[in-house]
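To keep things clear, I will list the structure first and then write my remarks on it.
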Amino acid sequence: MRALGLTIHGRRILAAELHLKRTAPGISARKFDRQLRNSVITAVNRRGKYILIELDSQLVLTTHLRMTGKFLSVPHGEKLPPYAHAVFHLDDDRMLVFCDMRQFGRMRILRANKLALAPEISALAPEPFSDEFTADYLIRVLSRSRRSLKQLLLDQTKVLGLGNIYASEALFLAKINPFKAAATLSRKRALLLHQAIRDVLQEAIDAGSTLNINLTDGGGTYFATPERFWRVYEREGEPCVNCGTKIRRVVHGGRSTYFCPKCQRR
DNA sequence: ACCCTCACCTGCACGC
DNA sequence: TGCGTGCAGGTGAGGG
């Protein structure tokens, strides 16, 4: 995110190509280009998992990378990388390329003054590192839900920023059972969960900014999800880092959930 | 209003 | 070797 901002801030979009229709539903390739062409990128921000590329035209290009989406910076004239679904020609002789093997990522063009009204943005929970995301906020949300903790943590309108991997990780860090009903969590343990949510997210951010972002990669700059190891995720059968008990995997709400049956008994 | 299930898509790890 | 099957992830449509 930050690296992307540094690379494209202040650049003018000379042309915008939409190669895959479903990447930007409801807009033609022609209109996609017309709306973005000749505008200057004034800021790159983020709300939840949405990247907001703000333009001097008072429009905002929103992008959700989903699982496999990524932005690459490619020198103009170079061969496009695989799965390039949108290409932005910039005024510094580079192209910003949106690639997505699974075609799940989505782009939308919104008016800046209507951004907060867009349903996918307006419904989002407070940013996890904002003052608004307090332990009391979390406790309130937990108390009003009839779902399990794991399911609640995946709901971006309740708790923002965790996906399936980090929901498992946060619960492991807080030593709380993923299947426990959200409303039955004690205040004391909700405080631990609140901290754990911030901790796993901070870890992931640190890993991304220090370990795996290579801005001078000759083959094109990657702003991809970092490769890293997790404490419980994808560790079924391996010993728990705290107690050595074998990590278990249970499909819950249609998603794999990893946990230590001893550390996270309740 | 809330919450559940399933479709979306591709590469890859499996088993036969 | 090759083919079929199931799985992974985040979201939103559709239904209860």
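Quantities reported herein were computed from a predicted structural model and do not represent experimental measurements. Chain naming here is simple, since letters A, B, ... match the order of the sequence lines and numbering starts at 1 in each.
- Ion pairing of A/Glu78 with A/Arg94 is absent here, as no side-chain N (NZ or NE/NH1/NH2) approaches a carboxylate O to less than 4.0 Å.
- With B/dC8, B/dG11, C/dT11 as the choices, the nucleotide that has an atom nearest any side-chain atom of A/Arg102 turns out to be B/dG11.
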Side-chain donor-acceptor pairs of residues 239-250 of chain A under 3.5 Å, sequence neighbours excluded:
| from | atom 1 | to | atom 2 | distance (Å) |
| --- | --- | --- | --- | --- |
| A/Arg249 | NE | A/Ser256 | OG | 2.8 |
| A/Arg249 | NH2 | A/Ser256 | OG | 3.1 |

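- In this structure, the side chains of A/Leu173 and A/Glu169 stay at 4.5 Å or more apart for every pair of heavy atoms.
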For A/Thr184 and A/Lys180, what are the C-alpha separation, side-chain angles and deciding distance, and is it a side-chain contact (heavy atoms from CB on, under 4.5 Å)?
-> CA-CA 7 Å; A/Thr184 65; A/Lys180 186 175 173 59; 3.1 Å; yes
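- Summarising the geometry, the separation between CG on A/Leu153 and C1' on C/dG10 is reported as 15 Å, rounded to the nearest angstrom.
- The side chain of A/Arg249 has C/dA8 as its nearest neighbour among C/dT11, C/dA8, B/dC8.
- Side-chain contact, A/Tyr258 with A/Trp230: no donor N or O sits under 3.5 Å from an acceptor N or O.
- Side-chain N/O atoms of A/Asp155 and A/Gln151 include no donor and acceptor closer than 3.5 Å.
- Rounded to whole angstrom, the span from the CG atom of A/Asp100 across to the C1' atom of B/dT10 amounts to 10 Å.
- Put simply, CD1 on A/Ile51 is 14 Å from C1' on C/dG10, counting in whole angstrom units.
- A distance of 8.5 Å separates CD1 of A/Ile139 from CG of A/Leu185, quoted to the nearest 0.5 Å.
- Considering only side-chain atoms of A/Tyr50, the nucleotide from C/dA8, C/dG10, C/dT11 that sits closest is C/dT11.
- Using modelled atom types, one side-chain atom of A/Arg46 and one backbone atom of A/Gly48 make a donor-acceptor pair closer than 3.5 Å.
- Comparing the helix axis at one end of the helix from B/dC2-C/dG16 to B/dC16-C/dG2 with that at the other, each defined from 5 consecutive pairs, gives an inter-axis angle of 40° (nearest 10°).
- Atom NZ in A/Lys70 sits roughly 12 Å away from atom P in B/dG11 (whole-Å rounding).
- Within 6.0 Å of atom CG in A/Asn113, more than 12 heavy atoms from other residues, nucleotides or ligands are found, so the atom counts as buried in its surroundings.
- Applying the side chain to side chain donor-acceptor pair (under 3.5 Å) test to every pair with at least one member in residues 51-63 of chain A, sequence neighbours left out, gives these pairs: A/Asn45-A/Glu54.
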Enumerate the protein-to-nucleotides 1-4 of chain B contacts in which both atoms are nitrogen or oxygen and the separation is below 3.5 Å.
| from | atom 1 | to | atom 2 | distance (Å) |
| --- | --- | --- | --- | --- |
| B/dC3 | OP1 | A/Arg146 | N | 3.2 |

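- A side-chain N or O of A/Glu17 and one of A/His89 form a donor-acceptor pair less than 3.5 Å apart.
- Within the 4.0 Å cut-off from OP1 or OP2 of C/dG10, not a single side-chain nitrogen or oxygen of A/Gln156 is found.
- Within the structure, every pair that satisfies the ring-ring contact (aromatic ring centres under 6.0 Å, His included) test and touches residues 13-43 of chain A, not counting sequence neighbours, is listed here: A/Phe32-A/Phe88.
- Contacts of A/Ser256 with the nucleic acid, taken as non-hydrogen atoms under 4.0 Å apart, involve only primed sugar atoms and P, OP1 or OP2.
- Between the P atom of C/dG10 and the OH atom of A/Tyr166 lies a distance of 11 Å, rounded to the nearest Å.
- Among the heavy atoms of the strands, none lies under 4.0 Å from A/Gly254.
- In terms of phosphate contacts, A/Tyr83 brings no side-chain nitrogen or oxygen within less than 4.0 Å of OP1 or OP2 of B/dC9.
- Contact annotation: A/His64 side-chain N/O to C/dG10 OP1/OP2 distance is not under 4.0 Å.
- Distance CZ (A/Arg106) to C1' (B/dC9): 9 Å, rounded to an integer number of Å.
- A heavy atom closer than 4.0 Å to some atom of DNA chain C occurs in A/Glu120, these being the qualifying members of residues 117-125 of chain A.
- For A/Arg22 and B/dA7, the CZ to P distance is 16 Å, given to the nearest whole Å.
- Whole-Å rounding puts the A/Leu154 CG to C/dA8 C1' distance at 14 Å.
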